[in-house]
Amino acid sequence: MNDYDFKAIEKKWQKFWQEHKTFSSEVRKDKEKYYVLEMFPYPSGRIHMGHVRNYTIGDTVARYRMTAGYNVLHPMGFDAFGQPAENAAIKNKTDPREWTEKCIEWMEKELKQMGFAYDWQRELSTHRDEYYKWNQWIFVKMFEKGLAYKKGSSVNWCPRCETTLANEEVINGGCWRCEAQVVQKELEQWYLKITEFQDALLEDLKLLSDWPVRVITMQENWIGKSYGVEIYFKETQTSKTIPVFTTRQDTIFGATYVVIAPEHPQLKEIIKNKPEEKKVLKFIEKVSRESKIVRMAADVKKEGMFTGCYAINPVNNEKIPIWTADYVLMEYGTGAIMAVPTHDQRDFLFAKEHGLGVRLVISDPKRPDLKALEMDCAYEEDGVMVNSGNFNGLDNETAKLKIAEWMESQKIGQREVYFRLRDWLVSRQRYWGTPIPIIYCEKCDIVPVPEKELPVKLPKGAEITGTGGSPLSRVSGFVKTKCPKCSAPAKRETDTMATFFDSSWYFLRFCSPRNSQALFDKEEVNYWMPVDQYIGGIEHAVLHLLYSRFFTKFLHSLGYLKFREPFKKLLTQGMVLKDGEVMSKSKGNIVDPDAIIEKYGADSLRLCILFAAPPEVEFDWNDRGMEGAWRFLLRVYNAVDSFCLLKAAPAKNPEPDFEKPLRFKTHATIKKVTEEMEGGFKFNTAISALMELSNEITPALKQAQAAGANSQILKEAIDALVILLSPLCPHMCEELWQRLGHKEGSIINTLWPKYDANALVQDELNIIVQINGKMRSKIVVNSDISEEELKAKVLSDPKTATWIKGQPVKKIVVVPKKLVNIVV
RNA sequence: GGGCGAGUGGUGGAAUGGUAUACACGAUGGACUUAAAAUCCAUUGGCCUUUGGCUGUAAGGGUUCGACUCCCUUCUCGCCCACCA
């Protein structure tokens, strides 16, 4: 029926690319570099539609850049450490390494089936010691700089995974991986001092103008820098200073009580020997047992009690009660607040519940007569200062500055900046990860493993049960070692690193993946980096992208990198849903890419997924889309096939009437598709433009067939169609390109076409005629018509005249080359 | 509660101040066929008195010669953050 044997074509070209190393890359100073990277996958064994979408977008960008003459780096690897391998080990008694290697093998095969233009010679996997050796190297460097440190504190603990979690890994109070409720646990753990770079991480977001705004906002919120004042309240009995942090120092005259976090170290001191002591201690005990999630749930009533103590408000020497309550967190600010019920909703609710005082200090311009006692919610907006001593009458924004300055001069407060960002808890009680390269010696304390002894290899044969802490602690041959400093018997650290550590610098390793002397070659990394276009899921907006920026800044501070930001441009692609839901095994709504490739081929799948929606929008998978993609490819294939059968054009090419419009369409399409490939990335509209071109080629081809001869304009259109489509559907286009007479090499070595501006100049223009803004007529005019001639022509148009009906013309608006609007 | 985004035919979507619904899917009718599939052709927002006209981009208002597009109000949905003082 048809000859488009996609199976044979796809196999043929995949083999060709592999044999000719078409996509291998090397540093070349004579060409402009372009590094395009998609977030590397966890090797689960099978690729899913999310991968297909992510990697098709990246591949299209990469292939376009290759064809456009750039020196392109487009690598692929595997983020191979992590829990699924360990879970499989527990369930099936398999070795995580074997399981992972097997999965990688399957996955590579599937990726190759999609025809992605990767430089496979650069492939890496984080579970190999040649890679994780450099994880350990980075860790040691951080340790030496004081940026990797161990401390005991209350940590996030997933009871199901039996391991610690970073703050970034706690989503809605649950584990990011298994969704189990996270609890707090007192543990001694390793942290990375990401806060060392908090200012740079926030400030340099300004350099990322090509990142989606929402990712920037999410990172800003996560870092959470707030400017405020630390105000010194004095406890009346002990005269101890209790600093509180506020961003609303303008409301200080409205403070009617102070709240101190239950965990606050000063709390136990000030309540000593007070009648309330016992009750308060009981409350502290109760809160400490509560999980953070329960405590922070929005709908839970805030609990608290009076401590029996009082504090002096330093601005007016007022004596106000000190309370303790679970709505104040020890981790943020100073762990104590001044409560202003009239201008903070949380304080308002708490004050109402416990009958605490209220005083209005900022008046609402919309309700100037409002009284504090009549309020039904806090007024948190701007307004004019009242009941605030010398500051009355000022607007509160001005007062903020004046009060801060005045407090500093009186030494009752100090301007401060607080961040929400916390250091990164990086140790995990897992087997399948990078061993933390640390040795504990009784004499020398914590000693990092010297560089020449790296890597600390992950031992084989550890018993993985999923319970009872770090599996490595049960491998005695691993634990027992000698102190590198004093050679006394010592013990190894048995925790492993969070896998986000591995992925925080892999983009650097791709620049020199086989280097055994260093984590990367300095020259190569500074040639290829930063990544010009990074593509991945929005779910990494904070986690992976923030950590990667942190690592880049760290290595930059050591002088290894010349750049401060790893990813110049970021595209966050939308999810692929099925029936409005995320595809998952448990829901049984998985669409298997393999089955689709089997039926329609990889090119159709690539086209379908790009045509379905713009890349950043999520879309619902529909099998019908495949039919449409398939039909289009078939039409293109058949068109090129029939074109090849035509005789070459005679020396004197007769000009069939299709030629001029076809040439216009060809060059308009080149323009449109090039713009989208360059950075617009609306592949869906690029594809529709290609379909339009194809729709114009079809009748032109019929005419040429009838005439029995070729046409240069038709040839140009067909060539353009094949090249412009090649980044999207590479196999078929390689094949067609060859049939069109280009016998040598790959289509990526052909230069991407440039549009001819002359071809886009039209002799005649369609002008829209509007009466009072409504479209009433269309006229065709010469493109060089003057404005006056155009007006005259429009007014003489009979159809226009019937609409004017002799009414006086008030105004004529002319939009050059587009329309004329007559106002009557 | 805060932030960001979105709302357009039966469906995915196009148009970012100038012909609303490009391109496709689906549907209907026709050609081909013994038949079906495939393919090709035609129609396809709604309404009407149908060679024409009215109306129409969540709802209402505004700015403009002209608004899906800009501004204000309201509604709905999605995502992210959420006792951060």
Side-chain angles (χ1 to χ4, degrees), chain A residues 1-2 171-173 212-218 220-222 224-226 228-229 244-249 251 259 261 292 295-298 300 302 325-329 331-340 343-347 349-350 377-378 380 418-422 538-539 541-542 574-575 580 607-608 611-614 616-629 631-632 634-635 638 682 684-695 698 766-778 810-824:
Chain A
M1 220 286 321
N2 66 70
I171 314 289
N172 289 331
V213 184
R214 58 182 186 142
V215 176
I216 300 281
T217 332
M218 280 162 79
E220 273 169 3
N221 291 343
W222 191 262
K225 187 178 190 177
S226 20
V229 177
V244 307
F245 177 68
T246 182
T247 55
R248 291 298 305 272
Q249 63 271 16
T251 65
V259 190
K292 236 186 206 166
R295 179 168 162 187
M296 295 204 191
V300 166
K302 313 311 174 199
D326 57 4
Y327 78 96
V328 172
L329 306 174
E331 308 89 271
Y332 188 76
T334 59
I337 62 150
M338 63 172 200
V340 185
H343 305 292
D344 182 292
Q345 186 60 18
R346 293 158 298 174
D347 297 341
L349 292 173
F350 193 78
C377 67
E380 294 178 330
Y418 274 94
F419 285 84
R420 186 185 169 279
L421 185 71
R422 293 288 96 109
I538 186 78
E539 67 273 19
V542 178
M575 286 200 292
L607 191 76
C608 173
F611 187 53
E616 57 286 338
V617 176
E618 65 175 26
F619 81 92
D620 211 286
W621 177 265
N622 189 335
D623 286 338
R624 286 197 188 118
M626 282 308 304
E627 287 287 341
R631 284 207 287 250
F632 172 62
L634 193 61
R635 275 199 295 274
N638 289 335
K682 288 200 288 185
N684 55 331
T685 59
I687 292 166
S688 75
L690 288 166
M691 286 173 168
E692 285 180 43
L693 176 60
S694 158
N695 289 347
T698 308
N766 275 313
I767 300 289
I768 307 301
V769 181
Q770 294 183 330
I771 313 287
N772 292 339
K774 290 210 167 178
M775 204 270 286
R776 292 302 181 194
S777 177
K778 287 179 210 178
K810 278 192 206 156
K811 192 174 171 185
I812 301 179
V813 182
V814 177
V815 182
K817 297 184 178 190
K818 254 182 192 155
L819 66 74
V820 175
N821 188 15
I822 300 165
V823 188
V824 295

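Only heavy atoms go into these numbers, but all of them, side chains included; no hydrogens, no water, no symmetry mates. Within every chain, numbering begins at 1; the chains are lettered A, B, ... in the order of the sequence lines, protein sequences first and strands thereafter.
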Point to revise | Sequence-aligned protein contact record of nucleotides 5-18 of chain B, with B where the base is within under 4.0 Å of a protein heavy atom and S where only the sugar-phosphate is | key: -------BSSS--B
Practice item. Could you run through nucleotides 49-58 of chain B and give me one letter per nucleotide, 5' to 3': B if any protein heavy atom sits under 4.0 Å from the base, S if only the sugar-phosphate is that close, - if neither? Key: ----SSS---
Mind listing the closest non-hydrogen atom pair of [X] and [Y] along with its distance?
| X | Y | value |
| --- | --- | --- |
| A/Phe611 | A/Ile687 | CD1-CG2, 3.6 Å |
| A/Asn821 | A/Gly773 | OD1-N, 2.9 Å |
| A/Cys608 | A/Met626 | CB-SD, 3.5 Å |
| A/Ala378 | A/Gln345 | N-OE1, 2.8 Å |
| A/Ala261 | A/Val328 | CB-O, 3.5 Å |

Distance in angstrom units between [X] [atom1] and [N] [atom2], rounded:
| X | N | atom1 | atom2 | answer |
| --- | --- | --- | --- | --- |
| A/Asp623 | B/C25 | CG | C1' | 13 Å |
| A/Phe419 | B/A85 | CZ | P | 13 Å |
| A/Ile812 | B/G66 | CD1 | C1' | 15 Å |
| A/Gln249 | B/A85 | CD | P | 12 Å |
| A/Leu690 | B/A24 | CG | P | 12 Å |
| A/Ile687 | B/C25 | CD1 | P | 13 Å |
| A/Arg624 | B/A38 | CZ | P | 13 Å |
| A/Tyr327 | B/A82 | OH | P | 20 Å |

Between [N] and [M], how far apart are the two [atom1] atoms, rounded to whole Å?
| N | M | atom1 | value |
| --- | --- | --- | --- |
| B/C81 | B/U69 | P | 31 Å |
| B/U57 | B/A35 | C1' | 45 Å |
| B/A42 | B/A59 | C1' | 38 Å |
| B/A58 | B/G52 | C1' | 31 Å |
| B/C75 | B/G61 | C1' | 15 Å |
| B/G45 | B/A20 | P | 14 Å |
| B/G12 | B/A31 | C1' | 29 Å |
| B/C40 | B/C23 | P | 15 Å |

Report the base-pairing partner of [N] (Watson-Crick or G-U wobble, both distances below 3.5 angstrom), or none.
| N | value |
| --- | --- |
| B/U63 | none |
| B/A42 | B/U28 |
| B/U33 | none |
| B/A14 | none |
| B/C77 | B/G5 |

Could you tell me if the side chain of [Y] sits less than 4.5 Å from the side chain of [X], heavy atoms only?
| X | Y | answer |
| --- | --- | --- |
| A/Tyr332 | A/Phe245 | yes |
| A/Phe619 | A/Pro614 | no |
| A/Lys225 | A/Leu421 | no |
| A/Leu819 | A/Gln770 | yes |
| A/Asn221 | A/Arg420 | no |

Of the listed nucleotides [options], the one nearest the side chain of [X]:
| X | options | result |
| --- | --- | --- |
| A/Ser226 | B/A85, B/A24, B/A22 | B/A85 |
| A/Glu692 | B/C23, B/A85, B/C65 | B/C23 |
| A/Val823 | B/A82, B/C65, B/A85 | B/C65 |
| A/Arg635 | B/A85, B/G3, B/A24 | B/A24 |

Looking only at side-chain N and O atoms, does [X] come under 4.0 Å of OP1 or OP2 in [N]?
| X | N | result |
| --- | --- | --- |
| A/Arg631 | B/C25 | yes |
| A/Arg420 | B/A85 | no |
| A/Asn638 | B/U39 | no |

Review point. Between A/Ser226 and A/Phe419, is a side chain to side chain contact (heavy atoms under 4.5 Å, CB included) present by the stated rule, with each step listed?
Key: CA-CA 6 Å; A/Ser226 20; A/Phe419 285 84; over 6 Å; no
Revision key, fill the gap. Taken in chain and number order and not counting sequence neighbours, the residues that satisfy side chain to side chain donor-acceptor pair (under 3.5 Å) with A/Glu627 are A/Tyr600
Check your understanding: So what does A/Gly628 touch, heavy atoms closer than 4.0 Å: a base, only the sugar-phosphate, or nothing?
Key -> sugar-phosphate
Review point. So, is B/G30 syn or anti if syn means the angle is within 90° of 0?
Key: anti
Practice item. With RNA chain B as reference, determine whether A/Thr698 or A/Thr334 sits nearer its 5' end, using the nearest nucleotide of each. Key: A/Thr698
Check your understanding: Start at the 5' end of RNA chain B and walk down; is the nucleotide closest to A/Glu627 or to A/Lys811 reached first?
Key -> A/Glu627
